[in-house]
Amino acid sequence: METYESDNGCGTAKRGYASVSIYLVPEAGIDKLSPGQGTKVPSNLNGREAVEIPGDAGTDACTVAVAVGPNARMTASTTLEQTGTNEEACALSREIAEAAEPKLPRGN
């Protein structure tokens, strides 16, 4: 599976708590997303195809990817520092994805 990066996004970190990021990847759909150390779990977000990847960057991490079309996606990722679980990281990633999803265009 190929890895696709994007300059269309941002990230931030709060020392001792977490780092979070959100990216738009216009050249690859969620099927091209590598699960890293985690496993892709099919999901749905407001009628859009999505996947959650708990443990993508090891423990205490999660990425939620939302289809913007067959060849584009948005990813929201969280990595918790010190303490936390993959489930807690996924809850934060879902919250970010849910806030951003209404602003995404609908794919064909």
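Along the sequence shown, residues carry numbers from 1. What you see below is based on every heavy atom in this structure, not just the backbone, and it leaves out hydrogens, waters and symmetry mates.
With sequence neighbours excluded, no residue satisfies side-chain contact (heavy atoms from CB on, under 4.5 Å) with Thr39. Evaluation of the side chain to side chain donor-acceptor pair (under 3.5 Å) rule for Thr75 yields no partner, not counting sequence neighbours. The side chain to side chain donor-acceptor pair (under 3.5 Å) test applied to Asn46 returns Glu101, not counting sequence neighbours. Under the rule for a side-chain contact (heavy atoms from CB on, under 4.5 Å), the partners of Ala13 that lie at least two apart in sequence or sit in another chain are Ser19. Taking Gln37 as the reference, nothing meets the side-chain contact (heavy atoms from CB on, under 4.5 Å) condition, with sequence neighbours excluded. Under the side-chain contact (heavy atoms from CB on, under 4.5 Å) criterion, Ala89 pairs with Cys62, Thr78, Leu80, not counting sequence neighbours.
Counting only residues at least two apart or in different chains, salt bridge (charged side-chain N to carboxylate O under 4.0 Å, His left out) contacts with residues 51-63 comprise Glu52-Arg94. Within the structure, the salt bridge (charged side-chain N to carboxylate O under 4.0 Å, His left out) test picks out no pair touching residues 81-90 (sequence neighbours left out). Among residues at least two apart or in separate chains, there is no side chain to side chain donor-acceptor pair (under 3.5 Å) pair with a member in residues 9-18. Counting only residues at least two apart or on different chains, no disulfide bond (SG atoms under 2.5 Å apart) pair has a member in residues 26-57.
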Assess whether side-chain contact (heavy atoms from CB on, under 4.5 Å) is satisfied between Arg73 and Lys32, documenting all intermediate values. CA-CA 10 Å; Arg73 69 174 184 256; Lys32 300 287 186 188; 4.3 Å; yes

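Here the side chains of Leu24 and Leu104 are in contact, with some heavy-atom distance below 4.5 Å.
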